[in-house]
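Before any comments, here is the structure.
Hydrogens, waters and symmetry mates play no part in the numbers below; they use all other heavy atoms, side chains included. Chain A is the first sequence line, chain B the second, and so forth, proteins listed ahead of strands; every chain is numbered from 1.
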Number of protein chains: 2
Amino acid sequence: MAYTVGQVARVAGVTVRTLHHYDGIGLLSPSGRTPAGYRRYNDADLQRLQLVLYYRELGFPLEEIAAIIDDPAADPAAHLRRQHELLTVRIKRLQEMVTAIEFAMEASKLNIQLTPEERFEVFGDFEPEEHEAEAEQRWGDTDAYRESNRRASRYGRDDWLRIKAENEDWGRRIVALLASGAPADSPEAMDLAEEHRQIISRWFYECSYEVHTGLADMYMADERFTSHYENIAPGLAAYLNEAIHANAISRA
Amino acid sequence: MAYTVGQVARVAGVTVRTLHHYDGIGLLSPSGRTPAGYRRYNDADLQRLQLVLYYRELGFPLEEIAAIIDDPAADPAAHLRRQHELLTVRIKRLQEMVTAIEFAMEASKLNIQLTPEERFEVFGDFEPEEHEAEAEQRWGDTDAYRESNRRASRYGRDDWLRIKAENEDWGRRIVALLASGAPADSPEAMDLAEEHRQIISRWFYECSYEVHTGLADMYMADERFTSHYENIAPGLAAYLNEAIHANAISRA
DNA sequence: CTCCCGCCTGCCGTTACGTCAGGGTCAAGC
DNA sequence: GCTTGACCCTGACGTAACGGCAGGCGGGAG
């Protein structure tokens, strides 16, 4: 029913010094002391310690942990639910890192060179939530968006490598075409626009000509997309936009 | 091809100060400087940074990370394999925490009270590896051991709750019997011994009478087991041992 | 009564940065 | 050519979460 520091430390897998520290900062003070001044922990203290350790494992600073635990509006069950949720989020994050590693392993086997952005995708501050929120706002709750998400979540590393390879191949060809001076409404340019549409259809969602031109206009309106294409080759964004429109008109 | 601190920081999701720090301690010094003294990072630096961040995420101290990365006997592929392995270990650990949480949620729903040991199972220093290594040494590569492991790995929280409940029920009854003064070779004691054998058979592995008596002797020889039973009630370990032997003889 | 282990309270050390302070740099715009 | 704002530099001190040690009391086994 009552435990000394050493016993608590052993069963909880922490050091005595840690318990002293938690006592010192008021995060976990034992419910009592012996006449000699020895700390005595009871079951309630252990329960609290368990909460502390879980939240600590999840990366919270101790001060915040104190606030969370002392929140009067949180019963034990609420903590369990919360920790469960946080744990699954962390696991998901680590699994993303695993797929990133697997991706890199595949890429290195195939001698594909990763860009810095790809390298740090899992760390970078592109903030998937932000991204996703923006995409949702922009795309709305359209069928295409949901379809894309549904399909994308099914792809494995091999698929992504294929997509990447296809995309890079296509990119090289349109850059070459732009450099060659062929106009954006030339048959070659329109063919590449058509190919772009089919890549999207094959891998992400059914992309009609109408949807395709809408996509092209969005590319132009969104600085993030234009800068992406402009970085590949200056003038490419506008060139692609024009080619997509020409293609849609000629095939309609 | 060459990046400033700020650019590197943004893409890698760290602060500029962190890069300064890594430079300061020699963990990651940029390959060059501009005439004005600005740090210039190239692709190789970014690659190294990526390694650093992965190992950091995995909880390694920076000094150790430097040693790992500068290990001449580790090519990029080896790092990928290593990180992959470490990540899966961490994921497994977190998943154990999840099952522990789920276990606690179930237990709290059913109003079952957890013991401190159970509470800290996932943290405690019982060191599963140590445990497992010992069990393997002790049990050898027996069929029973493998069977037990195979079955145990299939159980979910509900199963464990059932096992726990059954076990506690059995425990209460044998403690009561011991307290009642019934001798260890009384029919009641032998019935409880038989029940013990069947619990093991049902949940873990086929437990013959011979195996059962062997198990009982091992309990007696192993201080960890005896102290477990002695903690429940003094004299219980020896009582159970005797009852199991009596039961095996009478049914043989 | 002694011995050894466990507990106590300072107090300084360490890791991995955060956070200014004080001062140069660079590209853009007037 | 000059300003301006964003970006870079080097100290230097601060912080969180303990680790580790010193110096001293407590307590039960022999």
Side-chain angles (χ1 to χ4, degrees), chain A residues 2-42 45-46 48-70 123 125 223 227 230, chain B residues 2-42 45-46 48-69 123 125 223 227:
Chain A
Y3 314 85
T4 70
V5 262
Q7 291 171 327
V8 173
R10 233 167 302 136
V11 65
V14 300
T15 68
V16 170
R17 181 64 182 85
T18 299
L19 294 175
H20 283 175
H21 184 58
Y22 291 171
D23 189 3
I25 63 173
L27 174 59
L28 175 67
S29 298
S31 52
R33 297 264 186 153
T34 69
Y38 284 26
R39 273 164 261 254
R40 311 251 74 191
Y41 295 84
N42 63 22
D45 297 332
L46 289 189
R48 187 182 171 93
L49 176 57
Q50 188 209 11
L51 279 178
V52 168
L53 292 184
Y54 265 95
Y55 281 117
R56 185 184 73 164
E57 182 84 17
L58 288 164
F60 288 89
L62 299 185
E63 201 175 338
E64 209 165 321
I65 293 178
I68 293 172
I69 295 183
D70 292 334
F123 294 114
D125 66 344
E223 203 230 325
S227 73
E230 289 305 305
Chain B
Y3 314 84
T4 69
V5 263
Q7 292 171 326
V8 173
R10 233 167 302 135
V11 66
V14 300
T15 68
V16 171
R17 179 65 180 89
T18 299
L19 295 175
H20 283 174
H21 184 57
Y22 291 172
D23 188 4
I25 64 174
L27 175 57
L28 175 66
S29 298
S31 52
R33 296 267 187 152
T34 69
Y38 284 25
R39 272 164 262 254
R40 311 250 76 190
Y41 295 83
N42 63 21
D45 296 332
L46 289 189
R48 187 182 172 92
L49 176 57
Q50 190 210 11
L51 279 178
V52 169
L53 292 184
Y54 265 95
Y55 282 117
R56 185 184 73 164
E57 181 83 17
L58 287 164
F60 287 91
L62 299 186
E63 200 174 338
E64 210 165 319
I65 294 178
I68 293 171
I69 294 183
F123 294 114
D125 66 342
E223 202 230 326
S227 72

Nucleotide by nucleotide, 5' to 3', does protein get under 4.0 Å of the base (B), only the sugar-phosphate (S), or neither (-) in nucleotides 16-23 of chain D, counting heavy atoms? -BBBB---
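Across all strands shown, A:Arg40 has no heavy atoms under 4.0 Å from either base or sugar-phosphate atoms.
Listed here is the closest heavy atom pair of B:Leu46 and B:Tyr3: CD1-CE1, 3.6 Å.
For the pair A:Thr34 and C:dC7, the criterion of a side-chain N or O lying under 4.0 Å from OP1 or OP2 is not met. Between B:His20 and C:dC17 there is no side-chain N or O to OP1 or OP2 distance below 4.0 Å.
Between the side chain of B:Tyr38 and the base of C:dG24 there is at least one donor-acceptor pair of N/O atoms closer than 3.5 Å.
At whole-Å resolution of the value, CZ in B:Arg33 and P in C:dG24 are 17 Å apart. Atom CD of B:Glu64 is separated from atom P of C:dT14 by 18 Å (rounded to the nearest Å). Following rounding to the nearest Å, B:Arg39 (CZ) and C:dT25 (C1') show an atom-to-atom distance of 14 Å. The OH atom of B:Tyr55 sits 20 Å away from the C1' atom of C:dT15 (whole-angstrom rounding).
Taking 4.5 Å as the limit, some side-chain heavy atom of B:Thr18 sits within range of a side-chain heavy atom of B:Arg56.
Atom CZ of B:Arg48 is separated from atom OH of B:Tyr22 by 12.0 Å, given to the nearest 0.5 angstrom. In this structure, A:Leu62 CG and A:Leu27 CG are separated by 6.0 Å, a value rounded to the nearest 0.5 Å.
A salt bridge links B:Asp23 with B:Arg33; the closest basic N to acidic carboxylate O contact falls under 4.0 Å.
Within 6.0 Å of atom CD in B:Glu63, 12 or fewer heavy atoms from other residues, nucleotides or ligands are found, so the atom counts as exposed in its surroundings.
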